[in-house]
Amino acid sequence: MQKKNWMAAATTTVKAVAIATGWLCGAGFAQAGTVTVLTSFPKELTSAYQKAFEAANPGIKVEILNKNTTASVAYVRELPEGQRPDVMWASAPDAFEVLARAKLLTPAPETVNKSAPAKIGNFPLNDPEGMYYGQALAGYGIMWNTRYLKAHKLEAPKEWSDLTRPEYFGHVAISSPSRSGTTQLTVETILQGEGWEKGWGQLLEMMGNAAAVTDRSFAVPDGVNNGQFGLGIVIDFFGLAGKYSGFPVDFVYPSMTAVVPANIALIAGAKNADEAKKFMTFTMSSAGQQLLFDPKISRLPILPYNTLKAPAGYPVPQEVAKRAKVHFDTNLAESRYQVVINLFDQMVTFRLKELQAATKAIHEADKALKAKPNAQGKDLLSQARSLAFSPLVGASNAGDPQFLELFKKSRRDVAVAKELTGMEQMWADKAKSNYAKALQLAQQARGMAK
């Protein structure tokens with residue numbers, strides 16, 4: 001009896017010390033009744049769901065772990081089973097495909113709301129293998145500040161190609177796709193819609209007009225809302241949230257867009273799978289879907305509008321999907337994910353000043369040659385455009401499985417890291433050289449307009 005009392009006391013002491021040091025609640029043990037949600041979504045959305053779910057499920061707490069999508073994927077991959085968050089919740093379907101192929105997601109079909117359609121347009125709402133599920137819908141487009149455009153005497157754009165026009169120079173903002181999953185999806189949507197070569201050409205012309213490439217996706221809508229930027233390339237909920245929250249902004253879906261699910265999934269090796277499933281079920285329920293209409297959230301729901309109370313004039317996902325020209329290929333996006341974001345960084349993010357300078361010179365030369373045509377000047381301008389607005393990797397390499405596979409390998413391998421670093425440096429040097437040459441040729445072309 002005395003021995004049992006001693007053991008009980010010792011156990012109590014160990015538990016007390018463990019709790020005090022965070023051992024039982026930390027990486028090695030699950031904290032009962034807590035759902036840890038790994039997400040890139042903004043606080044306005046996560047707080048609303050956290051509050052509503054906890055109110056409906058007393059005894060279960062929601063812990064939000066906010067990371068951008070790229071960092072979230074890396075985070076899950078690095079943690080051993082039993083130490084991972086419970087739920088992955090983000091906009092990028094290709095990120096979920098990466099986790100699914102790495103066997104880092106677990107099916108949870110019981111969480112799916114059967115009232116939701118099987119497809120949005122031609123795109124399956126849920127993963128055919130049942131590893132992740134559509135919780136909301138999203139498209140990609142352009143938002144603008146109405147007062148800013150009026151002050152600068154600019155027309156509202158309708159298509160991506162509008163943003164290549166010279167009058168938009170210095171007025172456009174975008175976030176880096178290596179730091180923002182939603183921007184990566186936007187870039188990939190343009191590439192899939194236009195094709196690799198033409199898509200990159202259009203992107204580079206648009207980026208030549210960019211005022212900034214931000215580190216986080218929310219910096220773009222914030223900048224447009226407050227008038228720092230005139231226009232922003234964003235996922236729809238950023239533009240819609242600004243509009244329905246009363247900012248002087250508007251938003252358009254270009255025809256070259258796609259409507260795809262923002263997904264939710266149960267992470268393999270989750271600490272609290274049962275509680276996590278309840279949270280997932282709530283997000284796809286009528287109550288959870290209704291939250292999407294909150295002006296600060298402004299996302300497209302998966303459930304039909306006849307089951308919800310949608311604000312007047314709110315975009316209808318199926319109608320947007322009918323007009324959209326891009327049938328988004330998740331597998332293609334996943335296969336070249338690293339190549340696309342690395343190329344964008346080397347050609348745009350890290351070389352924005354050089355690209356801006358070349359683009360400005362091209363605009364000026366084009367204007368001068370239209371006023372005073374010159375055949376030689378026109379030829380030089382064409383060369384300048386080709387240098388400034390062509391991708392550093394051609395379509396054949398971009399579709400080469402061996403080339404793409406290199407970018408999926410771990411940089412912890414010294415040989416792999418060396419090869420990738422060398423290739424990225426080559427791209428950086430080539431981009432710098434191309435922009436410098438394009439600037440020179442455009443200036444020469446302008447000088448011939450006499």
Side-chain angles (χ1 to χ4, degrees), residues 41-42 44-45 48-49 90-93 113 115-126 133-146 149 156-160 162-163 181-183 185-186 188-190 192-193 217-218 220-221 224-225 231-264 283-284 286-328:
F41 292 154
E44 289 80 4
L45 183 148
Y49 276 88
S91 296
N113 190 329
S115 297
K119 292 184 176 181
I120 174 68
N122 293 315
F123 199 95
L125 180 64
N126 302 318
Y133 313 100
Q135 184 272 327
L137 299 167
Y140 313 100
I142 309 162
M143 69 179 294
W144 61 90
N145 187 297
T146 56
L149 262 58
K158 295 179 180 179
E159 301 289 349
W160 299 118
D162 291 339
L163 299 186
T182 57
T183 307
L185 285 172
T186 307
E188 181 63 41
T189 295
I190 294 172
Q192 289 193 21
S217 54
F218 59 75
V220 175
V224 177
N225 286 340
L231 308 101
I233 297 169
V234 297
I235 195 167
D236 56 4
F237 55 78
F238 281 139
L240 296 174
K243 178 178 179 178
Y244 289 109
S245 294
F247 288 98
V249 300
D250 211 339
F251 173 85
V252 68
Y253 294 99
S255 58
M256 198 62 73
T257 191
V259 178
V260 298
N263 297 292
I264 194 165
T283 68
M284 292 180 271
S286 294
Q289 291 288 291
Q290 188 66 40
L291 287 175
L292 296 171
F293 294 125
D294 183 312
K296 293 181 180 179
I297 298 175
S298 295
R299 303 205 176 200
L300 306 182
I302 59 171
L303 295 183
Y305 279 16
N306 60 10
T307 67
L308 302 169
K309 295 180 180 179
Y314 204 83
V316 179
Q318 294 290 354
E319 292 182 3
V320 177
K322 283 181 183 178
R323 297 194 301 269
K325 293 182 179 179
V326 182
H327 301 305
F328 196 85

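Basis for what follows: all heavy atoms, side chains included, without hydrogens, waters or symmetry-related copies.
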Heavy-atom pair of closest approach, residues [X] and [Y]:
X: G181; Y: A92; result: O-CB, 4.3 Å
X: M256; Y: G193; result: SD-CA, 3.4 Å
X: A241; Y: I297; result: CB-O, 4.1 Å
X: M284; Y: Y133; result: SD-CB, 4.1 Å
X: P261; Y: P124; result: CG-O, 3.8 Å
X: P317; Y: P301; result: CG-O, 3.8 Å

Given side chains that start at C-beta, do those of [X] and [Y] come closer than 4.5 Å, heavy atoms only?
X: F218; Y: P42; result: no
X: L303; Y: S286; result: yes
X: L185; Y: P93; result: yes

> How far apart are the C-alpha atoms of L291 and Y49, what are their side-chain angles, what is the distance that settles it, and do they pass the side chain to side chain contact (heavy atoms under 4.5 Å, CB included) test?
Replying inline: CA-CA 8 Å; L291 287 175; Y49 276 88; 3.8 Å; yes

I'd like to check the side chain to side chain donor-acceptor pair (under 3.5 Å) partners of [X]; sequence neighbours left out, ordered by chain and number.
X: E159; result: S255
X: Q289; result: none
X: T182; result: S180
X: N225; result: none

> So which pairs with a foot in residues 245-262 pass salt bridge (charged side-chain N to carboxylate O under 4.0 Å, His left out), sequence neighbours left out?
Replying inline: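 Matches after skipping sequence neighbours: K243-D250.
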
[X]: which residues meet the ring pair (Phe, Tyr, Trp, His ring centres under 6.0 Å) condition with it, sequence neighbours left out?
X: F251; result: Y253
X: F247; result: none
X: F41; result: W89

[atom1] of [X] to [atom2] of [Y]: how many Å apart, nearest 0.5 Å?
X: I233; Y: I142; atom1: CD1; atom2: CD1; answer: 7.0 Å
X: L137; Y: L125; atom1: CG; atom2: CG; answer: 6.5 Å
X: L240; Y: M143; atom1: CG; atom2: CE; answer: 9.0 Å
X: K322; Y: I120; atom1: NZ; atom2: CD1; answer: 10.0 Å
X: L163; Y: L231; atom1: CG; atom2: CG; answer: 6.0 Å
X: T189; Y: Y140; atom1: OG1; atom2: OH; answer: 5.5 Å

> Between F293 and L308, does a side chain to side chain contact (heavy atoms under 4.5 Å, CB included) hold up when you go through it step by step?
Replying inline: CA-CA 10 Å; F293 294 125; L308 302 169; 3.9 Å; yes

>> Listing request: all side-chain hydrogen bond (donor to acceptor under 3.5 Å, both in side chains) pairs with a residue in residues 303-318, at least two apart in sequence or in separate chains.
In response: none

> Taking the side chain from W144 and the backbone from L149, do they hold a donor-acceptor pair closer than 3.5 Å?
Replying inline: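 Judged by distance alone, no pair lies under 3.5 Å.
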
>> With a 3.5 Å distance limit and no angle check, can you tell me whether N145 reaches the backbone of V249 through a side-chain donor-acceptor pair?
In response: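 Looks like no, no N/O pair under 3.5 Å.
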
>> What verdict does the side chain to side chain contact (heavy atoms under 4.5 Å, CB included) test give for T257 and K325, after you've listed the backbone C-alpha separation in whole Å, the side-chain angles of each residue and the deciding distance to 0.1 Å?
In response: CA-CA 6 Å; T257 191; K325 293 182 179 179; over 6 Å; no

In chain order, what residues pass the side chain to side chain contact (heavy atoms under 4.5 Å, CB included) check against [X], with sequence neighbours excluded?
X: A90; result: S40, T69, M88, F96
X: A287; result: F282, S285
X: K296; result: E44, S245, D294

> Do S217 and F238 pass the side chain to side chain contact (heavy atoms under 4.5 Å, CB included) test, and can you show the C-alpha distance, the side-chain angles, and the key distance before you say yes or no?
Replying inline: CA-CA 9 Å; S217 54; F238 281 139; 3.8 Å; yes

